[in-house]
2 protein chains.
Amino acid sequence: MELNHELDDRKLKILQAVIKNYLETGEPVGSRTISKYTDLNLSSATIRNEMADLEDLGYIIQPHTSAGRIPSDKGYRLYVDMLMAEKEQEVIEMREQMLEKADKMDKILKQAAKVLAVNTNYATMVSAPNMNRNKLKFIQLSQVDEHQIIAVIVMEGNIIKNKIVTVEETLNNEIMLKLNMLLNTSLPGMSIEEINLGMIAALKEQAGAQAEIIGDVLNAIGSTIQPEDLEIYTSGATNVFKYPELSDNHSAQEIINAFEEKQMLQEIVTQTLSKDDNHGIQVYIGNETPVQSMKDCSVVTATYELGEGMQGTIGIIGPKRMDYEHVMKTLKTLMTELDEIFHKEE
Amino acid sequence: MELNHELDDRKLKILQAVIKNYLETGEPVGSRTISKYTDLNLSSATIRNEMADLEDLGYIIQPHTSAGRIPSDKGYRLYVDMLMAEKEQEVIEMREQMLEKADKMDKILKQAAKVLAVNTNYATMVSAPNMNRNKLKFIQLSQVDEHQIIAVIVMEGNIIKNKIVTVEETLNNEIMLKLNMLLNTSLPGMSIEEINLGMIAALKEQAGAQAEIIGDVLNAIGSTIQPEDLEIYTSGATNVFKYPELSDNHSAQEIINAFEEKQMLQEIVTQTLSKDDNHGIQVYIGNETPVQSMKDCSVVTATYELGEGMQGTIGIIGPKRMDYEHVMKTLKTLMTELDEIFHKEE
DNA sequence: TGTTAGCACTCAAAAGAAAAGAGTGCTAAT
DNA sequence: ATTAGCACTCTTTTCTTTTGAGTGCTAACA
């Protein structure tokens, strides 16, 4: 409990009591409540004095003169940091729920978001991992008609993408065979990062008359694997209505909107992934969050990792008075699950 | 204007005025307002008499004794029916917007929903067409590893699906060749409906030792093309917040929830497609809607058709005081667009 | 006979006033 | 250092009053 130099043990306990109580009720907490709530037997008057101090130090706030106190962002921050310190690990029965429908990646991720939302009662998001470093397993080109090719790209982890490529030249069986051969002798085992300009030039040269087709196909592959906008799956957005402090202010509307557009959620993903401290859990409280419309919320994120540095993000968005303890525990479990599922599939 | 036997021309005009005004303001409409609003020069007193009649006949309602009138469901119904009678056609600049990103089907549909939402300011949904009658173009099986096959299924309209099939037997090149050959000699040109048990049995027989694999693959194909839950794309769900009569009652919350779950939207799709009167526009007002949580809304739907009886649904959900005229016009345009896009691609 | 002016009446919504209640800060006693 | 006590503050709730839009009805009018 000796994380903070500004607060003695008693103040810390009182602060904790205020926060916990506020998490439960959502109402400002008064001194009398605390004096009954804690095990340290103090009268409300004493608590009042201490609370006045805590307010001076900026850990709690009085919404108006004669109201109880609510935690400030700084207060929440301290509380969360303390929680983080005692890393918990506990495996729930989420595994079964998860594995049920594990088929294609998008389904898994969608399912993950849902499980998390149901388990926590907050809004959740899961981003697909970035594929830059994922290796190609093979490419299968098939001819659709005289000028169209469908390219099926299979990557490690059996992630499958497909794309139709329209080419100028008139295609035939022979060309298709050649192209398939060409691509599959050099590309498998490479990641998108590794397929650079030199490599492309070499392939084009080998292709001879079909240089242009190869170019088109490679472009298509690039844009397919690395789509301009990350895919993000969400669930439980409507959970925000459950918290009056969000749904009263209209901030629920903004959050739901952000969830629908998904554009802004990307911000959160980028920010989370950019932090060095990965594979850990991050908590953004109030204004700390990257997205303006969530300034009245807390955002808890975690990074999951598939082999070879492919990373994705899981996030939970809820009111500041979030049940951090439960959320962090659940998040950790799910993260581990995702890691395992993907590694097993590989 | 002679659609209704119950109402003379003047009553009809007054009713229309009441509805139009209510559509604009969302507030109950009084007699004085109408007397100024219409071109028939009548005093408020006369209007009052007529309005009392209209109320007796059930076309308008008084929320409380000394308030103006608002249209009843019956009133809206008459109004919409009149609109429907004058089938409008008008091409807007939506074409460009639509064709911009026309790539894969899911993107097209997602885009369609978005365009519609932006154009109308209501919540929108677009369902993917049912594929029962769509014909297979070809199937491409590739071996992933010793026990896994990836099946890529290409259908008319270049709709592509893929699925990983895990099989008992140990696979090799020879087997894969045989399977590909087998499937592509008999299946192309057939629709899912046409691939019946007899056909499957015949294929299995021809496959000999690989009968089981063929069975698995065919199953996979079936379930891929005809997923248990229809895919539905939505957009602009948060538009419902723009209408106080929805967002005050909490019915906005329910609607948004329905949009998130998508389960209930399916109801609307099914109902729309089951109506004989297809390729037309349907309007559900208030309790007429198939989904309970939208009882305070109007739902406008349209069916778009890809060749061969593959049909999908477009829907708009908004307040009862919806701008029916604009919505129906926009819907019709979009419908035509979709038809064209898909037919062109084919 | 249909239309209209006028007026009393109704009722929801807005504004205002009063009461209740929760909680504080401060002082004085322990 | 802790606590009981009390005056004070400010929100919330409740009740009352006022306001105003809109009606229905009657009587006058063209």
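We name chains A, B, ... by the order of the sequence lines, and we start the count at 1 in each one.
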Would you tabulate the side-chain donor-acceptor contacts of residues 60-68 of chain B under 3.5 Å, counting partners in other chains and residues two or more places apart, or write 'none'?
from	atom 1	to	atom 2	distance (Å)
B:Q62	NE2	B:T65	O	2.6
B:Q62	NE2	B:A67	O	3.2

query: Looking at B:Y76, is B:K320 sitting on its ring face, NZ or CZ under 6.0 Å from the six-membered ring centre and within 45 degrees of the normal?
result: no
task: Applying salt bridge (Lys or Arg N to Asp or Glu O under 4.0 Å), name anything that partners A:R32, two or more places apart in sequence or on another chain.
output: none
Atom pairs, N/O to N/O, protein against nucleotides 13-19 of chain D, distance under 3.5 Å?
none

query: Which residues pass the salt bridge (Lys or Arg N to Asp or Glu O under 4.0 Å) test with A:E27, sequence neighbours left out?
result: none
message: Suppose we screen for salt bridge (Lys or Arg N to Asp or Glu O under 4.0 Å). Which residues come up paired with B:E260, at least two apart in sequence or across chains?
response: none
Results of side-chain hydrogen bond (donor to acceptor under 3.5 Å, both in side chains) for B:N49 - residues two or more places apart only: none
message: Whole angstroms only, please: what is the CD-P distance between B:E27 and D:dA21?
response: 13 Å
Below 3.5 Å, can you tabulate the donor-acceptor pairs from side chains in residues 290-298 of chain A to any protein atom, sequence neighbours excluded?
from	atom 1	to	atom 2	distance (Å)
A:S298	OG	A:Y324	OH	2.7

Contacts of type ring pair (Phe, Tyr, Trp, His ring centres under 6.0 Å), residue A:Y243, not counting sequence neighbours: A:Y122
- request: Write down the distance between CG (A:L40) and P (D:dA1), rounded to a whole number of angstrom.
  value: 17 Å
Length of the line joining B:R32:CZ and C:dG6:P, which is rounded to integer Å: 12 Å
message: Test of understanding: with side-chain hydrogen bond (donor to acceptor under 3.5 Å, both in side chains), list the residues that count as partners of B:Y79, not counting sequence neighbours.
response: none
Could you list, one pair per line, each protein nitrogen or oxygen that sits under 3.5 Å from a nitrogen or oxygen of nucleotides 3-5 of chain C, together with the distance?
from	atom 1	to	atom 2	distance (Å)
C:dT3	OP1	B:R10	NH1	2.7
C:dT3	OP2	B:R10	NH1	3.3
C:dT3	OP2	B:R10	NH2	3.1
C:dT4	OP2	B:S43	N	3.1
C:dT4	OP2	B:T46	OG1	2.6

query: Quick one: A:E55 CD to C:dG25 C1', roughly how many Å, whole number?
result: 12 Å
List, with names and distances, any nitrogen or oxygen atoms from the protein found under 3.5 Å away from nitrogen or oxygen atoms belonging to nucleotides 9-11 of chain D.
from	atom 1	to	atom 2	distance (Å)
D:dT9	O2	A:S66	OG	2.9
D:dC10	O4'	A:S66	OG	3.3
D:dC10	O2	A:S66	OG	3.1

message: Restricting to side-chain hydrogen bond (donor to acceptor under 3.5 Å, both in side chains), what partner residues turn up for A:T301, sequence neighbours left out?
response: A:T272
